[in-house]
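Okay, so here's the structure we're looking at.
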Amino acid sequence: MVTQTGAGSSTQQIEIPDDAVIYSPMNELAMSRLRPGQRMRIKTFDPITLQTATVLVEAVRDEDIFVMGESHPTTVLTMTYLGFTMRAWMSKQGRILRQETLIGWTIEATDHADAVSLEFDTEGMDDMVLANPVPLYGTVANQSSCRAITVRMEGFHLGNFLSAVMCSVGARFVYPQLSLEGHGFWIVGMSPVTMGRVLFSKFFPRGWFSPQLVLP
Amino acid sequence: MYLSVEMLRVDSGIKFAALAIALAMACSVSGMSTGFGALFLDLKQRNPAAIISSFGGTLNLVMSLGFMFVVIVPVAALYHLHIDRPVSGIGTTMT
């Protein structure tokens, strides 16, 4: 086994005993035929400790469980491995329908439709692994040697910045327009125009400046 | 704003909505500033900076910021709701 890390790589030779079974359909067949009270031992290879270990499988009782929308007759198996005991519910066909794990999770069998029918729209994605991550567009060359994917931000929303610009323009250029008439304001008041027109004449020359700044 | 939404490659509907909102906000803030300037008329001051720093100018600035907040937050919330579902799923670039 070759382990590659940032500091280098190391090679380790692991010998798997001839009697250790990593996977065999015969084990499943044998377990499916266990009846309550019967037990069997399986010698297997532990990939974490890199040692062989014995798993004790014992049929405890028959039990009907409700999974995938219907009731299934199962045999409850206890599997003792490295001092830990887990339970599994095996159907008469030899399929594990429910299993407790060492980390406290209980895994339950489900059909294909339920497995991919997540809360969001998968848009035809049949693979749950592909449906979950943030989608990646483009092609990753040499996927086996790829170590990182760089996310490039191509834009930034300027909403808050533009709001500040609009407020500044409004406060600095538009607000004092009438007050800047000063003592000559009586001329504006005496002129034969409506107040609305006066206000619009103050608004328009400076007011259009703000959209010109903001829209581009 | 146009440059911003164009670089973000948002949908055309959202792009035009953002531009329309920006245009409306710019006109609204300018109009509000004109109105506040008329309400809090100060004919004695000749210095625009002094006029702006008066009570009316400060109130105008605060009201403008409040108006921006009232307009931007609901639009941002709606946009977030619009983009949240596709980002969790498939088919939308998260920027």
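A note on names: the letters A, B, ... follow the listed sequences, proteins ahead of strands, and every chain is numbered from 1.
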Query raised in the report: Would B:Phe40 and B:Phe55 count as a close aromatic pair, with their ring centres under 6.0 Å?
Result: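 Yes, the ring centres sit under 6.0 Å apart.
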
Query - A:Thr74-A:Lys92 side chain donor-acceptor pair, cut-off 3.5 Å - result: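 There is no such pair (donor and acceptor under 3.5 Å, judged by atom type) between the side chains of A:Thr74 and A:Lys92.
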
Tell me, side chain or backbone of [X] under 4.5 Å from chain A's heavy atoms, or both, or neither?
{"X": "B:Met68", "value": "side chain"}
{"X": "B:Asn60", "value": "side chain"}
{"X": "B:Ser54", "value": "side chain"}

Report task. Using the salt bridge (Lys or Arg N to Asp or Glu O under 4.0 Å) rule, take A:Glu181 and A:Lys202 through it: C-alpha gap first, then chi angles, then the decisive distance, then the call. Result -> CA-CA 11 Å; A:Glu181 293 290 344; A:Lys202 294 296 181 184; 2.3 Å; yes

Query raised in the report: Can B:Ile21 and B:Val71 be said to form a side chain to side chain contact (heavy atoms under 4.5 Å, CB included), step by step?
Result: CA-CA 8 Å; B:Ile21 289 169; B:Val71 172; 4.0 Å; yes

